[in-house]
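Notes to accompany the following structure.
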Amino acid sequence: MRVYLDNAATTPLDKEVFDAMAPFMLEHYGNPSSIHSHGREVRAAIEKARRTVATLLNTSPAEIFFTSGGTEADNMALVCTCHSLGIKRAITSKLEHHAVLHTMELLEKQGVEVLYLRHDERGNLDLDHLDELLAGQPQTLVSVMHANNEIGNLNDVEGIGRICKTHNAIFHSDTVQTMGHYKHDLQTLGANFIVGSAHKFHGPKGVGFLYCDAGVKIQPLIQGGAQERNMRGGTENVYGIIGLAKAMEIAYRDMEEHTRHIQGLKDRMISKLKEQMDDISFNGMSEFGDRSLYTVLNTSLPASDINEMLLFSMDINKVSVSGGSACSSGANTGSHVLRALGCDPERGSVRFSFSKYNTPEEIDFAAETLAKLYKNVPA
Ligand code: PLP
């Protein structure tokens, strides 16, 4: 048995998605910008995909822009907001994905003041601090992720949206880890930008989208063509877009059943690990059902010589996982999120992330594999 428990990194493509994409690799090959019928049929398929995404998110197709993935969509929201609207102040947190953090660092070099929200040792953001930082200030860009990809913490995006609205701030939320796993209603969410990445919900890699509130007038990030209604130059990733929409349709169709199944796997993993390991705990809020992604469990493991090679050891024992401790020595580049939480750099960390395709047997196998690694360490 080889077990894949790295679904927060990427998920396997759903066969139904592949079947929807295949005709756009073979039969329907026209360039969607061409005015002849080969082009027009592909254009119509892209617009249908856009309507599907927009309908599922309860918004208008005019507010959905397809991109090469979550990273590009995050870059587009942040960079274009600052450049197009002359925003000079931004607020985020040290727990964001590098798609946001590194973009903020770039904006800082370009003269934007970037401030970081306080959080506690479990990664809970201090929303009173957000309120304080926004009060009486010029228009500010706020970027806070919906859920953290490493520790799984779910942030109160509706609450953040309300605070932003009170202070006339522009709110971007990196929703890559919740898209296709939770329902987003853009009429109530209160975000000006959210993003999606198809490969995180059993769609293809290299395609995503940006929702951009029609009231926020930004200029494109990528120049060179009139595609995406002049908002993103470049011939569209047609079969990627078709796959994204299909994957999202399936995700929404089966969401209840999959949520129940995956939450069951996560609960099972927690109890199996606790049964077999004395000194185990869980980073962030990942142990708490309603406060974290049901797809992610981040373990904090005993200080041991094996920690340096932990992911490699899991891999040779046929379990694919990712992770990284707060320590950045040796081969391990470490985790900026665990460092920001102040986690003990001596302790190891494995992130298990689950999908609809995982089984209870796989969970038992992975938990036993991890526990055995620590039991077999010579004293
Ligand atoms: N944001 C978060 C929270 C993520 O987890 C990821 C992917 O790991 C990204 C952004 C980047 O998405 P993509 O791989 O589509 O560029």
Is the closest side-chain heavy-atom distance between I250 and V17 below 4.5 Å? yes
Value for OG1 (T11) from NE2 (H181), rounded to nearest 0.5 Å, stands at 6.5 Å
Quick check: do Q110 and C82 have side-chain heavy atoms less than 4.5 Å from each other? no
Sub-4.5 Å side-chain heavy-atom contact between L221 and T67: no
Qualifying residue, where the test is side chain to side chain donor-acceptor pair (under 3.5 Å) with E150 and the options are S322, S335, S286: S335
Roughly how far, to the nearest 0.5 Å, is the CG atom of N148 from the CG atom of L293? 8.0 Å
Looking at R50 and E236, does any basic side-chain N land under 4.0 Å from a carboxylate oxygen? no
Tell me, do F352 and V296 make a side-chain contact under 4.5 Å, heavy atoms counted? no
Assign the ring pair F24 / H28 to parallel, tilted or perpendicular, where the plane angle (0 to 90°) is split at 30° and 60°. tilted
Should the heavy atoms of other residues, nucleotides or ligands under 6.0 Å from CD1 of I316 be counted, would the total exceed 12? yes
Lys/Arg N to Asp/Glu carboxylate O, D364 vs R268, below 4.0 Å: yes
Say you draw a straight line from CD of E158 to CG of D156; how long is it, rounded to the nearest 0.5 Å? 6.5 Å
Scan the side chains in residues 198-210 for donor-acceptor partners under 3.5 Å anywhere in the protein, sequence neighbours excluded, and list what turns up.
{"residue": "H199", "atom": "ND1", "partner": "T10", "partner atom": "OG1", "Å": "2.6"}
{"residue": "H199", "atom": "NE2", "partner": "S197", "partner atom": "OG", "Å": "3.4"}
{"residue": "K200", "atom": "NZ", "partner": "A8", "partner atom": "O", "Å": "2.9"}
{"residue": "K200", "atom": "NZ", "partner": "A9", "partner atom": "O", "Å": "2.8"}
{"residue": "H202", "atom": "ND1", "partner": "P12", "partner atom": "O", "Å": "2.8"}
{"residue": "K205", "atom": "NZ", "partner": "T10", "partner atom": "OG1", "Å": "3.4"}

All ring-ring contact (aromatic ring centres under 6.0 Å, His included) counterparts of H97, not counting sequence neighbours: none
Measure the spacing between OG1 of T140 and CD of E113 and express it to the nearest 0.5 Å. 8.5 Å
Please name the residue in the list N283, D6, T299, N149 that meets the side chain to side chain donor-acceptor pair (under 3.5 Å) test with R351. D6
NZ/NE/NH1/NH2 to OD/OE distance under 4.0 Å, D14 and K246: no
Taking ring-ring contact (aromatic ring centres under 6.0 Å, His included) as the definition, give me every residue that meets it alongside H119, ordered by chain and number, with sequence neighbours left out. none
Pair E47 + R43: basic N to acidic O under 4.0 Å: yes
Please test F193 against L78 for side-chain contact (heavy atoms from CB on, under 4.5 Å), starting from the C-alpha separation and ending with a verdict. CA-CA 9 Å; F193 297 102; L78 303 179; over 6 Å; no
Nearest-0.5 Å distance, NE2 of residue H172 to CG of residue D213: 13.0 Å
What distance separates S300 OG from I280 CD1, expressed to the nearest 0.5 Å? 8.0 Å
Would you call the rings of Y182 and Y294 parallel, tilted or perpendicular, taking 30° and 60° as the class edges? tilted
Can you tell me if Y29 has over 12 outside heavy atoms packed within less than 6.0 Å of its OH? no
Could you check if a side-chain atom of M231 sits within less than 4.5 angstrom of a side-chain atom of M76, using non-hydrogen atoms only? yes
Using the salt bridge (charged side-chain N to carboxylate O under 4.0 Å, His left out) criterion, which residues pair with E72? Sequence neighbours excluded. R232
Counting C-beta onward and ignoring hydrogens, is there a side-chain heavy-atom pair between Y211 and V53 closer than 4.5 Å? no
Checking D131 against H167 for the side-chain hydrogen bond (donor to acceptor under 3.5 Å, both in side chains) test, could you report, in this order, the C-alpha distance in whole Å, the side-chain angles of both residues, the deciding distance, and whether it holds? CA-CA 8 Å; D131 199 41; H167 298 289; 2.7 Å; yes
Set of residues satisfying salt bridge (charged side-chain N to carboxylate O under 4.0 Å, His left out) with respect to R291, sequence neighbours excluded: none
E362 meets the salt bridge (charged side-chain N to carboxylate O under 4.0 Å, His left out) criterion, sequence neighbours left out, with none
Could you tell me which non-hydrogen atom of V238 sits nearest to which non-hydrogen atom of I46, and how far apart they are? CG2-CD1, 4.1 Å
Do the side chains of I87 and L115 join up, straight or via other hydrophobic residues, at under 4.5 Å, putting them in one cluster? no
Does D120, at its CG atom, have more than 12 non-hydrogen atoms belonging to other residues, nucleotides or ligands within less than 6.0 Å? yes
